[in-house]
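Before any comments, here is the structure.
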Amino acid sequence: MKKLLFDPKILKRHPCFSAEAHHKFGRIHLPVAPFCNIKCGYCDRKYNCVNESRPGVSSIVVSPEEAINRVREIFDRGQNISVIGVAGPGDPLANNSTFEFFEKVKKEFPEVILCLSTNGLYLHEKLPLLKEYGIKTITITINAVKEETAQKIYSWVSYGGKIYRGKEASEILLSNQWRGFREASKEGFFIKINTVLIPSVNEEEIPAIAELAGSIGATVMNIIPLIPQADFKHLQRPSHKMLNSLREHCSQYISQITHCKHCRADAYGVLGDDRDIELELLNARIGE
Ligand code: SF4
Ligand code: SF4
């Protein structure tokens, strides 16, 4: 049976895990993690991890010190923020700055839910650290179960000081993603699976991802429509019909999120609210 490491009531305050919470509570993403350890075909590497964000817009990267200052500013403004997350612009687990920042937040704002999103490559190795820093909710982006499909999505993986390509890269990434997910679930973390719907590449595999994710114990799944760019710029953006029918089909295996707004790695505020602005705009607003 799954261990309950944390009180499930925290999900009622997490806007990304609960549709009910998403109008009431805000979250802040601090862009403290510039480096990434893989290359997804849909990523154009302009400073935002597509896994949790709206791509193609350049944004700032801040140091852990700048980030904690920004958190203080936002709380001073009385925002109803329940979650502080790191979602990029690269992979949070590939950056020590992520943990330097979480350490500061944990000390100063112990009541806030700490969250991060990752491609999962380092997840099993970093789980002890995530527990130490008090992270409770994790998003893992998983786009495939089959190595042949993963090979069409990822062009390289950097692991253990070496760059892997082709079959080897896909095998390492898939094995680590699913291993990290299983171990995190056993440890009691609340897990959201993000899957980018890439027409003609992984659309037929998404039900299998949902079924496996549900059986392992993910809390929710967020199927994100591809924004055609980078290696996939020639593909069509999925239609609403395709997206809705996949979500409906997958809901038999795992609850589906439908309120996602493609948050950027530096998003801030209540989702869908006009306060859901990027941190780079924050300073300008503070001066208003
Ligand atoms: Fe880009 Fe994120 Fe994929 Fe890294 S994990 S390549 S930052 S989309
Ligand atoms: Fe929500 Fe993902 Fe940000 Fe966590 S990392 S607060 S789940 S958007």
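Counting convention: from 1, in listed order, for ligands and their atoms alike.
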> Between Glu108 and Lys104, does a salt bridge (charged side-chain N to carboxylate O under 4.0 Å, His left out) hold up when you go through it step by step?
Replying inline: CA-CA 6 Å; Glu108 210 166 314; Lys104 292 179 190 302; over 6 Å; no

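Taking a 4.0 Å cut-off on heavy atoms, Asp91 fails to register as neighbouring ligand 1.
Within a 6.0 Å radius of CD in Gln252, other residues, nucleotides and ligands contribute more than 12 heavy atoms.
Within the 4.0 Å heavy-atom criterion, both parts of Cys40, backbone and side chain, lie near ligand 1.
Residues Glu183 and Arg179 are paired through a salt bridge, judged by an N-O separation under 4.0 Å between the basic side chain and the carboxylate.
For ligand 1 and Asn119, the ligand atoms under 4.0 Å from any heavy atom of the residue are 5 (S). Using a 4.0 Å cut-off to heavy atoms of Pro89, the atoms of ligand 1 that qualify are 7 (S).
Side chain to side chain, Tyr42 and Asn143 meet the donor-acceptor criterion of an N or O pair below 3.5 Å.
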